[in-house]
Amino acid sequence: MSSFITILSRDLKLAYRQGMDSVMVVMFFVIAVVLFPFGVGPEANILARIAAGVIWVAALLASMLSLERLFDADYEDGSLEILILQPITLEIAVAAKVTAHWLTTGLPLIIAAPVLAILLNLPADGFAVLISALALGTPSLSLIGAIGAALILGARRGGVLLSLLVLPLYIPVLIFGVSAVDAGLGGFPFKSHLLALGGLLLATLALCPWVSASALRQALRS
Amino acid sequence: MIHRFANPTRFVRLADVIQPWAAGMTFLFFVTGLYFGLFASPADYQQGETVRIMYIHVPAAWMALFCYTAMAAACGTALIWKHPLADLAARATAPIGACFTLLALVTGSLWGQPMWGTWWVWDARLTSVLILFFLYLGYMALNNAFDDAERGFKASAILALVGFVNVPIIKFSVDWWNTLHQPASVLKAGGPAIHASMLTPLILMALAFKAYYLWVLLIRMRGEINAMKVRALRMRQVQQADMADKVAAGKVG
């Protein structure tokens with residue numbers, strides 16, 4: 001547990017001192033969402049109809065953009081090899097790094113989402129559902145993304161490749177996230193969608209650190 | 001037993017025996033299957049002649065799932081037992097499976113236009129098969145993304161195993177969700193809900209696709225083995241040339 005906290009605080013400190021990275025993710029998120037009123041026209045009811053989907057897709061892409069650096073910096077400067085040599089479970093280390101990734105990208109996205117929802121004219125009853133869906137969904141995105149980030153270490157054109165690997169696996173989160181907000185807006189019960197998101201989070205939490213740890217071992221062996 | 005065929009030479013010898021049979025079976029089943037499918041089976045009372053698309057569409061969709069399952073099994077074998085041919089089998093299966101998936105999607109779309117009145121709907125079955133196609137593409141991209149072939153094999157094997165989650169979702173999507181795509185009518189409890197005159201060409205075409213897969217798989221695996229041999233030869237040549245240069249420069253010996 002103490003090793004978890006050590007790695008987590010190290011990554012948070014690094015993210016804080018490098019500064020701009022998580023700010024840029026949020027800026028990308030905002031700009032990507034703001035493009036839609038120009039693309040589909042500024043009619044309030046059309047924007048309200050697509051708001052949930054636009055916010056979710058933009059959050060997906062924003063969270064993916066920052067994934068490439070999740071293990072890459074440590075892989076290049078060799079600290080990943082030192083991490084593997086430590087007498088701690090690599091899965092715990094991965095979980096700590098993923099937590100740091102979520103705190104520096106997922107959490108800012110959740111904070112920025114209500115402002116964007118107002119810009120897109122999302123009705124007031126959708127806000128609470130949107131926030132809780134994002135809170136349950138974005139950790140899954142970070143966890144699934146960690147697999148892709150570990151797999152592309154040392155690859156050519158890793159960033160483009162990462163999107164090809166990770167986006168198909170993101171689709172379930174997107175489906176349940178958007179349908180929860182849509183159900184909330186239509187006055188239907190949205191609990192089952194949130195429960196499905198929670199289930200996805202538990203499943204990814206159980207499986208993804210394990211898979212990405214084995215991918216990391218493969219990356220360092222060769 | 002599993003390592004008995006790890007020797008590429010022994011594998012190639014076995015492939016030499018199987019390959020002509022697989023090719024013969026492919027032609028035999030395709031000819032009979034197409035004859036039964038196009039001429040000797042009745043048109044559907046509701047769908048008319050378009051029902052004959054089924055004889056391509058359904059076997060292709062089965063093969064899309066079968067190839068992914070085979071690929072995931074080969075990847076698991078490669079990761080767990082480090083079987084050298086399993087990597088090659090997985091790598092050789094991926095493009096074949098991707099082609100079957102694309103074929104299923106395209107024929108489904110052509111069938112959907114007259115029957116459902118639309119080329120494409122975002123229902124669970126169609127969407128999950130589309131994701132399967134992307135998983136195949138991602139596997140192939142990752143496999144070729146590294147300068148070190150071994151690293152590509154291992155990384156993409158992990159991806160293939162993760163993506164296997166999608167296969168049961170595709171199979172049961174028509175039962176779990178209320179979809180426009182019809183539920184299973186051949187492989188279901190209580191026997192097939194399809195008349196023998198249509199089941200015969202369907203089974204024949206499924207066998208033809210399977211034999212075709214085996215045939216092409218053997219050809220592709222042989223190609224991969226030869227490519228590996230060529231690579232090893234080139235490496236040796238480079239090493240020898242390097243050695244000769246050093247000797248000429250008087251640095252060695």
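To find a chain, count down the sequence lines: A is the first, B the second, and so on, and within it residues start at 1. In what follows, every heavy atom counts, from backbone to side chain, and hydrogens, waters and symmetry copies are set aside.
- Chain A forms more heavy-atom pairs under 4.5 Å with one residue of B:Val162, B:Leu135, B:Leu137, B:Thr127 than with any other, namely B:Val162.
- Of the N and O atoms on the side chains of A:Ser179 and A:His193, at least one donor lies less than 3.5 Å from an acceptor on the other residue.
- The residues B:Lys154 and B:Asp148 are annotated as not salt-bridged, no charged nitrogen and carboxylate oxygen being separated by less than 4.0 angstrom.
- With a 4.5 angstrom heavy-atom cutoff, A:Leu167 does not touch chain B via any of its atoms.
- Contact of B:Asn144 with chain A is made through the backbone alone, with heavy-atom distances under 4.5 Å.
- With values rounded to the nearest 0.5 angstrom, B:Phe146 atom CZ is found 8.0 Å from B:Ser156 atom OG.
- Between A:Leu151 and A:Ala215, the shortest heavy-atom contact is CD2-CB, 3.7 Å.
- Between the side chain of B:His57 and the main chain of B:Ala104, a donor-acceptor pair closer than 3.5 Å is present.
- The parts of A:Ser214 that come within reach of chain B are both its backbone and its side chain, each placing non-hydrogen atoms under 4.5 angstrom from that chain.
- Proximity to chain A is limited to the side chain of B:Leu79, based on heavy atoms less than 4.5 angstrom apart.
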